[in-house]
Engineer: 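The structure that follows is given in the form of structure tokens.
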Amino acid sequence: MEAQKNIIDVEEIKTLIPHRYPFLLVDRVLDYTPGKSIHAIKNVTVNEPAFMGHFPSYSIFPGVLILEALAQASGILGFKSVEDKNEGELFLFASIDKAKFKRPVHPGDTMHLHLEFVKERRGMWKFYAEARVDGKVVCSADLMCARRAL
């Protein structure tokens, strides 16, 4: 028997992070384990505003937006890992290390965002992150986010 998955739809995602169209880059969480990991998806469509200029004759989803999608997934996992979420509190993208881009992402691809929690210290959370398309890594990085009240 398969274990119950912790799914989060886009409406709940919008209660956890403040991003909205066109900058909400996580469509659904397929599973997560609080304090451990998350598996989310971003469906890349030809209608993405970035494709108007990146690049019109050969559409490639910008690497910075892949990293932003991973950062948003880290914030979702952060909020699902704490019990004392306060109004006006955010997980802010704090740093990125060892970012690598292995292959391009194109319209029609579904990016699977996989993050593993590494450690937390004084409100700073560290994650190992990978974005995959068709099971192949397209981007990997070490991310940090900061839990802050605004």
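Keep in mind the model is a prediction, meaning the values are calculated, not measured. Every heavy atom of this structure was used, including side-chain atoms; hydrogens, water molecules and symmetry mates were not.
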Engineer: Please report the shortest heavy-atom distance between Arg28 and Ile7, naming the atom on each side.
Structural biologist: NH2-CG2, 3.4 Å
Engineer: Roughly how far, to the nearest 0.5 Å, is the CG atom of Leu25 from the CG atom of Leu65?
Structural biologist: 6.0 Å
Engineer: Do the side chain of Asp27 and the main chain of Asn43 share a donor and acceptor less than 3.5 angstrom apart?
Structural biologist: yes
Engineer: Minimum heavy-atom separation for Gln72 and His19, please, with both atom names.
Structural biologist: NE2-CD2, 3.3 Å
Engineer: Measure across Gly35 and Ser81 and return the closest heavy-atom pair with its distance rounded to 0.1 Å.
Structural biologist: N-OG, 2.6 Å
Engineer: Could you measure the distance from the OG1 atom of Thr33 to the CZ atom of Phe117? Nearest 0.5 Å is fine.
Structural biologist: 13.0 Å
Engineer: Minimum heavy-atom separation for Pro22 and Pro49, please, with both atom names.
Structural biologist: CB-CG, 3.7 Å
Engineer: With Val29 as reference, evaluate Asn6, Asp9, Ile76 under the side chain to side chain contact (heavy atoms under 4.5 Å, CB included) test and give the passing residue.
Structural biologist: Ile76
Engineer: To the nearest 0.5 Å, what is the distance between CD (Glu48) and OG (Ser59)?
Structural biologist: 10.5 Å
Engineer: Looking only at heavy atoms, what is the nearest atom pair of Phe51 and Val46, with distance?
Structural biologist: CD1-O, 3.8 Å
Engineer: Run Glu12 and Lys80 through salt bridge (charged side-chain N to carboxylate O under 4.0 Å, His left out) and show every step you take.
Structural biologist: CA-CA 11 Å; Glu12 185 177 352; Lys80 285 301 199 174; 2.6 Å; yes
Engineer: Do the side chains of Val138 and Lys102 get nearer than 4.5 Å, heavy atoms only?
Structural biologist: no
Engineer: When the ring centroid of His114 is compared with that of Tyr128, is the distance short of 6.0 Å?
Structural biologist: no
Engineer: Among Leu70, Ile66, Ile41, which residue meets the side chain to side chain contact (heavy atoms under 4.5 Å, CB included) test with Met111?
Structural biologist: Ile66
Engineer: Can you confirm whether Arg20 is buried at CZ, in the sense that more than 12 heavy atoms of other residues, nucleotides or ligands lie under 6.0 Å from that atom?
Structural biologist: yes
Engineer: Can you tell me if CG on Asp134 sees more than 12 non-hydrogen neighbours from other groups inside 6.0 Å?
Structural biologist: no
Engineer: Between CD1 of Ile38 and CG of Asp31, what distance do you get to the nearest 0.5 Å?
Structural biologist: 9.0 Å
Engineer: Under a 4.0 Å threshold between the charged nitrogen and the carboxylate oxygen, would Glu68 count as salt-bridged to Lys42?
Structural biologist: no
Engineer: Give the C-alpha distance, both sets of side-chain angles, the deciding distance and a yes or no for side-chain contact (heavy atoms from CB on, under 4.5 Å) between Phe61 and Asp109.
Structural biologist: CA-CA 10 Å; Phe61 197 64; Asp109 287 342; over 6 Å; no
Engineer: What I'd like to find out is whether the side chain of Pro104 reaches to under 4.5 Å of the side chain of His106, using heavy atoms alone.
Structural biologist: yes
Engineer: State the CD-NZ distance between Glu120 and Lys126, to the nearest 0.5 angstrom.
Structural biologist: 13.5 Å
Engineer: In Å, rounded to the nearest 0.5 Å, how long is the span from CD1 of Ile60 to CZ of Phe101?
Structural biologist: 12.0 Å
Engineer: Over all heavy atoms of both residues, which pair between Phe91 and Gly78 is shortest? Give the atoms and the distance, please.
Structural biologist: CE1-C, 3.5 Å
